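Atoms within each ligand, like the ligands themselves, are counted from 1 in listed order. In this text the structure is predicted, and so the values were computed from the model without any measurement.
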Amino acid sequence: MKIFVDEISFGYSSVDVLKDISLEINDPQLVSIIGPNGVGKSTFIHCLNKILSPTSGTVLIDDKNIENISIKDLAKLVGYVPYSANDTFPLSVTDTVLMGRHPHGTWKSLNSDLKKVEEVLVLLGIEHLAMRPFNELSAGQHQKVMLARGLVQEPKILLLDEPTSNLDIKHQIEVTRMLKELSRLKNMIIIMISHDLNIAAKYSDNMILMSKGKIHSVGKPHEVITESNLREIYNISSRIIDDHGRPHVILEDDDDEETIPLCDTAYVSSGSIINESIKLEGAGVEKVRSG
Ligand SMILES: Nc1ncnc2c1ncn2[C@@H]1O[C@H](COP(=O)(O)OP(=O)(O)OP(=O)(O)O)[C@@H](O)[C@H]1O
């Protein structure tokens with residue numbers, strides 16, 4: 001499986017957002033897209049599954065231009081879990097997840113589909129919610145159910161827009177680690193937008209830092225999460241603590257000379273909570289041309 005993005009640009013009617021983005025991603029892996037608010041991260045992943053069509057440039061999946069792939073066929077290749085806290089489904093959790101088995105297809109519920117749903121609910125630790133009405137769940141539970149719906153689709157490429165933003169710290173870590181494991185187990189390219197630099201750095205095989213509609217940096221977490229990048233793009237003073245070869249970001253307060261962990265994981269990661277069961281290095285994200 002390979003995604004090749006060749007010089008795509010996109011603008012909404014009033015604003016140019018993406019400018020000549022090129023990128024190639026090979027191999028099963030977890031890739032995080034990071035960058036400040038409004039730089040075009042969601043717009044970019046919308047161009048990878050035809051929610052939006054680039055104004056110029058092409059997106060190829062396994063050498064096929066996605067413009068020539070029907071929405072129904074594309075759904076077999078590319079899954080997408082949007083950032084949305086407002087989804088409502090007048091269905092049970094099981095039926096909501098079941099919809100992911102046949103996106104754009106006929107509504108079915110075969111035993112094999114139900115088994116897949118059950119597996120994914122167990123994987124995400126929400127099997128106890130199976131019969132609960134979706135609309136009665138909490139925001140974090142909603143987010144896990146929507147993630148389950150994306151996973152049960154078993155796409156080759158899964159696009160996730162801030163999939164852990166409503167989860168508590170323990171579940172953010174668990175789910176992100178699980179996504180990395182799943183990329184290997186299911187042979188998937190998982191592309192996740194994240195604002196949590198520490199968790200993203202810890203579990204991503206590669207990271208993409210976006211700025212003003214372009215890719216600013218791409219590569220391994222320690223290549224992307226650098227003090228100079230954070231100062232330039234986020235305008236923050238930071239210190240990078242190398243934790244077993246992976247960066248951890250500590251904010252520095254220029255006035256008070258105090259340091260603040262960027263997120264709780266700075267503490268957690270140096271403790272014993274994280275117990276990685278799979279440790280594989282991924283590779284294969286390559287910036288083809290810089291914008
Ligand atoms: N439907 C739309 N119509 C017009 N402009 C839009 C639309 N959606 C997004 N934009 C604009 O496009 C730019 C990029 O938005 P996008 O949602 O891709 O950013 P983002 O990097 O994902 O931001 P965030 O981190 O806040 O989610 C922003 O300036 C936004 O205002």
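Residue V15 has no nitrogen or oxygen atom sitting less than 3.5 Å from a nitrogen or oxygen atom of ligand 1, judged on distance alone. Below 3.5 Å of separation, one finds an N or O of G40 facing an N or O of ligand 1.
For the atom pair L251 CG and S238 OG, the distance stands at 7.0 Å (nearest 0.5 Å).
Within a 6.0 Å sphere centred on CD of Q141, heavy atoms belonging to other residues, nucleotides or ligands number more than 12. Remark: K212 NZ is loosely packed, at most 12 non-hydrogen atoms of other residues, nucleotides or ligands lying under 6.0 Å away. When the shell of 6.0 Å around CG of N68 is examined, it contains more than 12 heavy atoms from other residues, nucleotides or ligands.
The presence of a protein heavy atom under 4.0 Å from atom 30 (C) of ligand 1 is ruled out. Less than 4.0 angstrom separates atom 22 (O) of ligand 1 from at least one non-hydrogen atom of the protein.
No salt bridge links D62 with K2; every basic N to acidic carboxylate O contact stays at or beyond 4.0 Å.
Among I34, V17, L52, the residue whose heavy atom lies nearest to atom 12 (O) of ligand 1 is V17. For atom 10 (N) of ligand 1, the nearest non-hydrogen atom from the set Y12, F10, F44 belongs to Y12.
Counting only residues at least two apart or on different chains, no ring pair (Phe, Tyr, Trp, His ring centres under 6.0 Å) pair has a member in residues 164-193.
The nearest heavy-atom contact from the protein to atom 26 (O) of ligand 1 is N37 ND2, 3.0 Å. In this structure, atom 17 (O) of ligand 1 lies nearest to the protein heavy atom S42 CB, 3.8 Å. Shortest contact from atom 27 (O) of ligand 1 to any protein heavy atom: E162 OE2, 3.9 Å. Distance from atom 28 (C) of ligand 1 to its nearest protein heavy atom, with residue and atom name: G38 O, 3.8 Å.
Residues satisfying the salt bridge (Lys or Arg N to Asp or Glu O under 4.0 Å) test with E119, not counting sequence neighbours, are K115.
Close approach of ligand 1 to K41 is summarised as follows: ligand atoms under 4.0 Å from at least one heavy atom of the residue are 18 (O), 19 (O), 20 (P), 21 (O), 22 (O), 23 (O), 24 (P), 25 (O). Taking a cut-off of under 4.0 Å to the non-hydrogen atoms of H195, the atoms of ligand 1 that pass are 25 (O). Set against the non-hydrogen atoms of T43, the atoms of ligand 1 under 4.0 Å away are 14 (C), 15 (O), 16 (P), 18 (O).
Shown here for M192 and L30, the closest heavy-atom pair between the two residues is CB-CD1, 4.3 Å.
In terms of modelled atom types and a separation under 3.5 Å, the side chain of N135 and the main chain of F89 share a donor-acceptor contact.
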